[in-house]
Amino acid sequence: MRREFVYEAVPARVVFGAGSLGRVPDELAALASRRVLVIAGGAATAYGDQLADALGGRVVARVDQVVPHVPEQLAADTVTLAGTAAADAVCCVGGGSATGLAKAVAVALGLPVVAVPTTYAGSEATSVYGVTRQGHKQTGADRRARVATVVYDPVLTTGLPARATAASGFNALAHAVAALAGGAFQPVARLYATAAVTTVARALPVAVREPGDLAARGDLLWAAWLAGSSLSGAGSGAAVHHRLCHVLGGRFGLVHADVHAGLLPHTVARDPALSAAGLDEVAQALGAASAAAGLQELAATVGLPRLELPAGGLPAAAAEVAGTVHSDHPHHGDAEWFRALLDHAQQGEW
Ligand code: NAD
């Protein structure tokens, strides 16, 4: 084994288990919080209500509007609300969009975050946060965006529809693939990433078939944490996948997990910035002949459709990715290559 590496863990307390939503009040108390901003919208609103009941007077503000990709205005309004209410902590229940909004508040005000994730996006395990300004999603890494305590309760995820479950599982896979094949050599992240891929490959078909299977749901949350942690530890180097997802998501307002799912087998098949050795590890973890073949097969098993992109904006999107992808990427500046990659993904050509 090579012995030179740098590993920076994202320190967090992780509370895991069915029914652990009920432990959130104690976890907030452990952070000495008395004035909580609760963020929970969409499908998670009912869990936000449950939490607010349990917290009683400790809730000083609530946000039930959660919008994908954290629009700048929503972030600014939520920061103002938290400041005006003198919140001393933020608790978010929901997918990556709720976590992203909590992170925006944490970065602006330095408040601790307790996150209760309900998808497999894995944002709770990284220092990365993003805000969308006029269709451009800008991401950054900041220690203040780190979640202090993550509470994983598989019960909250049994209502995630089959299609969203499948796509979100691929979001976790995308993190692990990036950590194994895109980033710097990182033995700790590698352990996390291979375990994440193996676990998703086993549990995702079960959860899609049987949404109420708590064991499979728990496995997927566990894999989401491993995958997010692996990406956080290794980064994605010059690989294009995450950059593409952010540009397409920001420009077209697409469902983030769907973009990951639709693109991953294609970026894995075609991105020259991914290392062959890393992709072999992905293939092994999937139990497949190649990483791309294993991902294609898993996508078919869990019923993921082809990626659909709005035709009109593709040339501009390809140009944006070409211009903003890592400068070490062999196709940096080559909009035609990115356009061809997107065409292949849309047409489902391997
Ligand atoms: P999301 O949070 O937008 O949720 C997608 C949909 O699923 C929403 O309609 C939501 O209400 C619903 N939903 C969520 N949990 C549910 C549940 N348990 N049951 C039923 N419905 C449920 O999507 P996402 O894919 O979780 O997160 C995407 C966002 O997270 C993007 O903005 C992405 O950029 C960000 N993200 C950030 C990081 C990071 O490291 N910073 C990592 C991954 C994703």
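Excluded from the calculations below are hydrogen atoms, water molecules and symmetry mates; all remaining heavy atoms, backbone and side chain alike, are included. Atoms within a ligand are numbered from 1 in the order they appear, just like the ligands themselves. Remember, it's a predicted structure, so these values are computed and weren't measured experimentally.
Minimum interatomic distance between Asp153 and Ser20 (heavy atoms only, all atoms of both residues): OD2-N, 3.2 Å.
Side-chain contact of Ser33 with Asp88: a donor-acceptor pair under 3.5 Å is present, judged by distance alone.
Here's the thing with Gly96: one of its N/O atoms is less than 3.5 angstrom from an N/O atom of ligand 1.
Remark: minimum distance from atom 16 (C) of ligand 1 to any protein heavy atom is reached at Leu160 CD1, 3.5 Å. The protein atom (non-hydrogen) at minimum distance from atom 41 (N) of ligand 1 is Val128 O, 2.8 Å. Looking only at protein heavy atoms, the nearest one to atom 34 (O) of ligand 1 is Lys137 NZ, 2.4 Å. For atom 25 (O) of ligand 1, the closest non-hydrogen atom on the protein side is Ala257 CB, 4.0 Å. Given atom 11 (O) of ligand 1, the protein heavy atom at minimum distance is Ala43 N, 3.5 Å. The single protein non-hydrogen atom nearest to atom 15 (N) of ligand 1 is Thr118 OG1, 2.7 Å, given as residue, atom name and distance.
Remark: the backbone N or O of Val6 is paired with a side-chain donor or acceptor of Gln186 at under 3.5 angstrom.
Comparing Glu124, His246, His256, His260 against atom 31 (C) of ligand 1, the shortest heavy-atom distance belongs to His256. Remark: among candidates Leu231, Val67, Thr158, Thr119, the nearest residue to atom 14 (C) of ligand 1 is Thr119, based on non-hydrogen atoms. Among Ala121, Ser97, Gly100, the residue whose heavy atom sits closest to atom 2 (O) of ligand 1 is Ser97.
Of the protein's heavy atoms, none falls inside 4.0 Å of atom 5 (C) of ligand 1. Less than 4.0 angstrom separates atom 8 (C) of ligand 1 from none of the non-hydrogen atoms of the protein. In this structure, atom 39 (C) of ligand 1 has a protein heavy-atom contact shorter than 4.0 Å.
Contact atoms of ligand 1 toward Thr126: 39 (C), 40 (O), 41 (N) (distance under 4.0 Å to a heavy atom of the residue).
Of the candidates His256, His260, His69, His246 forms a ring pair (Phe, Tyr, Trp, His ring centres under 6.0 Å) with just one, namely His256. In summary, of the residues considered (His344, His332, His331), a ring pair (Phe, Tyr, Trp, His ring centres under 6.0 Å) with Trp337 occurs for His331 alone.
Using a 4.5 Å heavy-atom threshold, the side chains of Leu248 and Leu342 count as touching.
With a 4.0 Å heavy-atom cut-off, ligand 1 is reached by the backbone of Leu156 but not by any atom from C-beta on.
Here His175 contributes atom NE2 and Leu226 contributes atom CG; the two are 12.0 Å apart, rounded to the nearest 0.5 Å.
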